[in-house]
Chemist: 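I am attaching a structure below and will ask some questions about it afterwards.
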Amino acid sequence: GNSVTQMEGPVTLSEEAFLTINCTYTATGYPSLFWYVQYPGEGLQLLLKATKADDKGSNKGFEATYRKETTSFHLEKGSVQVSDSAVYFCALSNDYKLSFGAGTTVTVRA
Amino acid sequence: NAGVTQTPKFQVLKTGQSMTLQCAQDMNHEYMSWYRQDPGMGLRLIHYSVGAGITDQGEVPNGYNVSRSTTEDFPLRLLSAAPSQTSVYFCASSSIAPTGELFFGEGSRLTVL
C-alpha cells in the first residue's frame with residue numbers, strides 16, 4: 001500500500017535559518033507528491049506539488065524535488081520567517097486516495 | 001469566497017449518540033473526501049467520493065457512513081459515537097481527484113464522552 005514517512009518534530013529554528021524536513025514514501029506506480037501546510041486553527045493548504053520524477057515544486061521560498069531513485073520529497077527553505085511557523089505535511093496521491101505523513105511542527109523564533 | 005464549508009465547528013457527544021457533520025463546496029468539484037486528524041498520526045482518509053452517487057471507503061471507514069446525493073454536499077454520519085472517534089474532522093474537495101489541489105474546510109472538532 002501507500003505510505004508516507006516524514007521527519008518527526010517539533011523543529012524550532014531562529015529566523016533566517018535553513019529549514020529542511022525529510023519525507024520518504026512507499027507507493028506502487030507513479031504517485032504525485034505534495035507538501036501541505038496547516039497554520040494554527042486552520043485547515044490544510046497546498047504549499048507545493050510535483051507530479052513526476054525529477055520535478056521540482058516551489059512556492060513562497062519553499063522547494064522540494066521528486067526523487068524516484070531515493071523515493072524522497074524533502075522540503076527546504078533557505079531563510080525562514082516567523083510567519084512560517086506551522087505544521088507541514090508530506091502527502092502522496094495514488095488511485096484517488098491522498099495519503100499523509102504524520103506532520104512536522106515547525107516553530108520559528110524571532 | 002465560501003470554498004469548503006463545514007458545520008458544526010465544535011460538537012460534544014455522549015457515547016452512543018448519533019450526529020452528522022455537514023460539508024458543502026461551491027466550486028463544482030467532483031471529488032470530495034473526509035479525513036480525521038489525530039496527534040502524531042497525520043490525516044487519515046475515512047471516505048471519499050468521485051461524483052454524485054459514488055462513494056468509497058478510505059483507510060479508516062468503520063463507524064462512519066457517507067452519501068453523495070448532490071455535487072455540492074458530502075455529509076459524514078456517525079451512527080453510534082464512541083470515544084475513539086474523538087478527533088478533528090476535515091472535509092476536502094478537488095476538481096481532479098486528488099492529483100490536483102485539495103481544498104480543505106476549517107475542520108470540525110468532535111469530542112465523544
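Chain letters run A, B, ... following the sequence lines, proteins first, then strands; residues in each count from 1.
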Chemist: Honestly curious: do A:Val11 and A:Phe73 fall in one hydrophobic cluster under the side-chain, below-4.5 Å linking rule?
Modeler: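 In one cluster with A:Val11: A:Phe73, yes.
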
Chemist: Counting a contact as any heavy-atom pair under 4.5 Å apart, which residues of residues 103-113 of chain B contact chain A?
Modeler: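 The residues closer than 4.5 Å to chain A, in numerical order, are B:Phe104, B:Gly105, B:Glu106.
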
Chemist: When you look at CD of A:Glu16, are more than 12 heavy atoms from neighbouring residues, nucleotides or ligands closer to it than 6.0 Å?
Modeler: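 Check fails, neighbour count at 12 or below.
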
Chemist: Does NZ belonging to A:Lys68 count more than 12 external heavy atoms closer than 6.0 Å?
Modeler: yes

Chemist: Under 4.5 Å between side-chain heavy atoms, counting indirect links through other Ile/Leu/Val/Met/Phe/Trp/Tyr residues: same cluster for B:Leu45 and B:Val88 or not?
Modeler: yes

Chemist: Atom CG of A:Leu48 and atom CD of B:Glu101: how far apart are they, to the nearest 0.5 Å?
Modeler: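 Rounded to the nearest 0.5 Å, the CG-CD separation comes to 11.0 Å.
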
Chemist: A quick test of your reading: do over 12 heavy atoms of other residues, nucleotides or ligands sit less than 6.0 Å from CD of A:Glu8?
Modeler: no

Chemist: When you look at OH of A:Tyr30, are more than 12 heavy atoms from neighbouring residues, nucleotides or ligands closer to it than 6.0 Å?
Modeler: no

Chemist: Measuring from A:Tyr36:OH to B:Leu102:CG, what's the distance to the nearest 0.5 Å?
Modeler: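 Nearest 0.5 Å value for the OH-CG distance: 4.0 Å.
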
Chemist: In terms of heavy-atom proximity below 4.5 Å to chain A, should B:Leu43 be classed as side chain, backbone, both, or neither?
Modeler: both

Chemist: Indicate if A:Phe34 and A:Leu47 have the same hydrophobic cluster label, given that clusters are the connected sets of ILVMFWY residues with side-chain heavy-atom separations under 4.5 angstrom.
Modeler: no

Chemist: For B:Gln37, which atoms come within 4.5 Å of any heavy atom of chain A: side chain, backbone, both, or neither?
Modeler: side chain

Chemist: Taking heavy atoms only and a threshold strictly under 4.5 Å, list by residue number the residues of residues 5-13 of chain B that touch chain A; give 'none' if the list is empty.
Modeler: none

Chemist: With sequence neighbours left out, which residue pairs that include part of residues 83-92 of chain B fulfil the side chain to side chain donor-acceptor pair (under 3.5 Å) condition?
Modeler: B:Asp38-B:Ser87, B:Tyr64-B:Tyr89

Chemist: For B:Phe90 versus A:Gln38, what's the shortest heavy-atom pair and its separation?
Modeler: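 Reported closest heavy-atom pair: CZ-NE2, 3.4 Å.
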
Chemist: Cluster question for you: counting only ILVMFWY and a side-chain heavy-atom cut-off of under 4.5 Å, with indirect links fine, are B:Val66 and B:Val60 together?
Modeler: yes

Chemist: Taking heavy atoms only and a threshold strictly under 4.5 Å, list by residue number the residues of residues 100-110 of chain A that touch chain B; give 'none' if the list is empty.
Modeler: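 Heavy-atom contacts from residues 100-110 of chain A to chain B are A:Phe100, A:Gly101, A:Ala102.
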
Chemist: So, do A:Leu44 and B:Tyr35 sit near enough that their side-chain heavy atoms are less than 4.5 Å apart?
Modeler: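 No, every pair of side-chain atoms sits at 4.5 Å or beyond.
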
Chemist: Same cluster or not: are A:Phe89 and B:Tyr48 linked, directly or through other Ile, Leu, Val, Met, Phe, Trp or Tyr residues, by side-chain heavy atoms under 4.5 angstrom apart?
Modeler: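 Yes.
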
